[in-house]
Amino acid sequence: MTTSGSPRLRFAPSPTGYLHIGGARTALFNWLYARRHHGTFLLRIEDTDRERSTAASVRAILDGLRWLGIDWDEGPEVGGDHGPYLQSERIALYRETAERLVREGHAYRCFCTKEELDARRAVFEKMGRPYKYEGTCRSRRLSQDEPDRPFVIRLKLPQGGAVRFHDLVCGAIRKDVEDLYDEVLCRADYVPLYDFGCVVDDHAMEISLVGRGQEHINSTFPQLVLYEYLGYEPPRFAHFPLILGPDREKLSKRLHPEADVMLHRRNGILPEALLNFVVRLGWSHGNDEVISREEMIEWFDFDHVGTTSGVWNPEKLVWLNQHYLKAARPEDLEAPFIGQLRERGLSAEPGERLRGILRAQQERSHTLAEMAELSRYFFAEPAIDEKAAAKFLGEANRPALAAIREALAASSSFDASAIEAAFKKTAETLGLGLGKVAQPVRVALTGGTVSPPIHDLVALLGRDAALARLDRALGY
RNA sequence: GGCCCCGUCGUCUAACGGUUAGGACACGGCCCUCUCAAGGCCGGUACAUGGGUUCGAAUCCCGUCGGGGUCACCA
């Protein structure tokens with residue numbers, strides 16, 4: 001049924017936690033390919049690990065994808081005609097398929113208990129040898145089986161030979177069947193394990209191309225055996241290089257906090273920056289670094305997905321984020337910026353003043369979090385930094401402060417250009433460089449030494465606040 | 001340890017047998033400048049290693065070394 005027409009790709013996360021970076025990139029690559037080739041991108045939740053799967057995780061994954069702007073054509077909350085899209089709701093299909101495999105001699109019931117298996121594995125490990133299930137139940141006659149005894153269904157591997165496939169990213173890959181083992185397909189209640197559920201669903205959902213991380217290369221072999229047994233046409237495969245943490249281990253939730261997509265949101269990273277960063281981890285388009293969502297869709301291909309694992313590089317993420325921050329429309333930054341302020345106990349309303357602050361700060365901040373940090377004095381009376389005060393609010397600075405206070409009080413207009421003129425004139429009158437006037441004022445108004453250009457700062461603060469803070473500094 | 005994959009600046013990468021091995025982040029210097037940031041210019045650092053193949057190898061083959069992944073009734 002898989003047509004040579006429009007491709008169907010999927011992202012199939014297991015809901016055992018938040019959306020992590022590796023998953024997000026897998027989703028992105030699949031999504032880009034589907035969008036570029038006018039195919040279908042679908043989401044399937046692999047919630048067959050009853051212990052670890054939670055509804056909250058499903059929620060978190062959907063939220064994460066939506067935040068990144070990765071949408072799905074079929075899947076949870078949007079439906080589709082290949083559903084249900086939760087594996088826990090597809091048990092009937094697994095049951096039917098597993099029984100068919102048993103019937104046709106390609107799978108068998110195994111009555112070995114977990115305890116027996118663990119014991120045998122322990123013996124082998126003690127001898128320093130790898131343990132592989134020996135196929136104890138392989139030739140057990142069905143009639144001997146007591147129907148109420150717990151069992152699992154195992155794959156019955158073919159006699160010999162090799163499994164090979166052509167990976168769209170890695171090229172030719174092969175493995176001898178003797179290096180595989182009769183793995184468990186599903187439990188007695190027909191809840192499938194990864195390889196089995198994957199094959200059954202990818203076929204049922206007519207997936208034509210499976211794109212996933214390289215950690216799944218080894219599961220491709222038994223899956224291919226299953227395709228063969230079932231008489232299904234296998235999809236094409238593309239295995240993406242892994243993303244490594246700073247310690248060069250696979251980026252994981254346990255070891256690496258930065259694996260959490262939403263952590264970056266909380267840190268003030270824009271979704272387009274994260275997307276851009278992540279797409280360049282493993283894929284490239286010549287010398288292009290800043291790549292818009294539209295360009296990604298237009299350019300993405302598996303030919304330029306690399307084969308080597310990439311290390312997470314936070315500096316580059318921040319650099320990209322700054323770029324997108326600079327380019328953003330202030331109105332689009334209002335909501336996330338207010339969120340950042342709120343986390344700092346500050347409040348602000350959307351509006352022209354806020355957008356003015358955004359315009360002034362967005363080009364000098366690396367993240368929204370930093371922007372909020374640098375903008376505190378716009379929303380609350382600042383504490384004066386001692387060192388800054390000692391240097392810029394001393395006796396020597398009083399004439400300049402007093403002069404500018406008068407000039408600002410007297411200025412008929414209070415827009416940035418009028419204020420700039422007032423500063424220049426005052427500096428000139430006092431025979432000082434602009435810096436000698438501006439920096440003390442900056443400290444007086446912000447409590448520190450860093451701010452937007454002085455005239456923008458004063459205009460944004462407004463006459464009342466500016467004069468009040470100047471007066472306070474004069475009395476410091 | 002078995003098996004699988006991989007190996008270009010510190011990091012992300014370009015190169016698809018012939019380039020002074022290019023770009024970006026980071027780093028250093030200079031310029032600009034009212035602070036910060038941005039921006040501009042300049043700079044250093046890489047083909048893991050040993051053999052082949054070839055007129056010619058970062059590119060192809062083999063070995064070595066190194067890194068990662070995977071070896072569950074997780075996915």
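Quantities reported herein were computed from a predicted structural model and do not represent experimental measurements. Chain letters run A, B, ... following the sequence lines, proteins first and then strands; every chain starts at 1.
When the P atom is compared between B/rC3 and B/rU11, the two are found 29 Å apart, to the nearest whole Å. The same atom, C1', is picked in B/rG40 and in B/rU45; the two are 23 Å apart, to the nearest Å. Remark: the separation of the C1' atoms in B/rG2 and B/rA15 is 36 Å, to the nearest Å. Using atom P as the reference point in both B/rU20 and B/rC4, the two lie 40 Å apart (nearest Å). Distance check on atom C1': B/rC61 versus B/rA75 gives 37 Å, rounded to whole Å. Rounded to the nearest Å, the gap between the P atom of B/rG23 and that of B/rG44 is 11 Å.
Comparing B/rC36, B/rC73, B/rG69 by their nearest atom to the side chain of A/R364 picks out B/rC36. In the set B/rC34, B/rA75, B/rA38, the nucleotide with an atom closest to the side chain of A/K326 is B/rA38. Closest to the side chain of A/E363, from the set B/rA37, B/rC34, B/rA26, is B/rA37. Across B/rA24, B/rA15, B/rC34, the shortest atom-to-atom separation from the side chain of A/W319 is found for B/rA24.
In this structure, A/Q361 reaches neither bases nor backbone, as no heavy-atom distance under 4.0 Å exists between it and the strands shown. In this structure, A/E46 reaches the sugar-phosphate backbone alone: every heavy-atom distance under 4.0 Å involves primed, P, OP1 or OP2 atoms, never a base. Nucleic acid contact class of A/S451 (heavy atoms, under 4.0 Å, all strands): base. A/V152 comes within 4.0 angstrom of a base, heavy atoms only.
Ring geometry, A/F165 versus A/F237: the interplanar angle exceeds 60°, so the pair is classed perpendicular (tilted spans 30 to 60°).
Spacing between atom OH of A/Y377 and atom P of B/rC36 amounts to 13 Å, rounded to whole angstrom units. Whole-Å rounding puts the A/R280 CZ to B/rA14 P distance at 7 Å. What separates CZ of A/F196 from P of B/rA75 is a distance of 13 Å, to the nearest Å. Taking atom CG on A/L86 and atom P on B/rA75, their separation rounds to 14 Å, with Å as the unit. Atom pair A/E115:CD and B/rC73:C1' shows a separation of 10 Å (rounding to whole Å applied). The distance from atom CZ of A/F277 to atom P of B/rC12 is 9 Å, rounded to the nearest whole Å.
Taking the centre of each ring, A/F300 and A/W283 come in below the 6.0 Å mark. Residues A/W312 and A/H264 bring their aromatic ring centres within 6.0 Å. In this structure, the ring of A/F29 has its center no less than 6.0 angstrom from the ring center of A/F302.
Each of A/W312 and A/G306 lies near RNA chain B, and the nucleotide nearest A/W312 is the one positioned closer to the 5' end. Heavy-atom nearest nucleotides on RNA chain B were determined for A/C112 and for A/L281, and the one closer to the 5' end corresponds to A/L281.
Shortest non-hydrogen contact noted between A/I419 and A/F414 is CD1-O, 3.6 Å.
One finds the CD atom of A/Q159 at 11.5 Å from the CD atom of A/E178 (value rounded to the nearest 0.5 Å).
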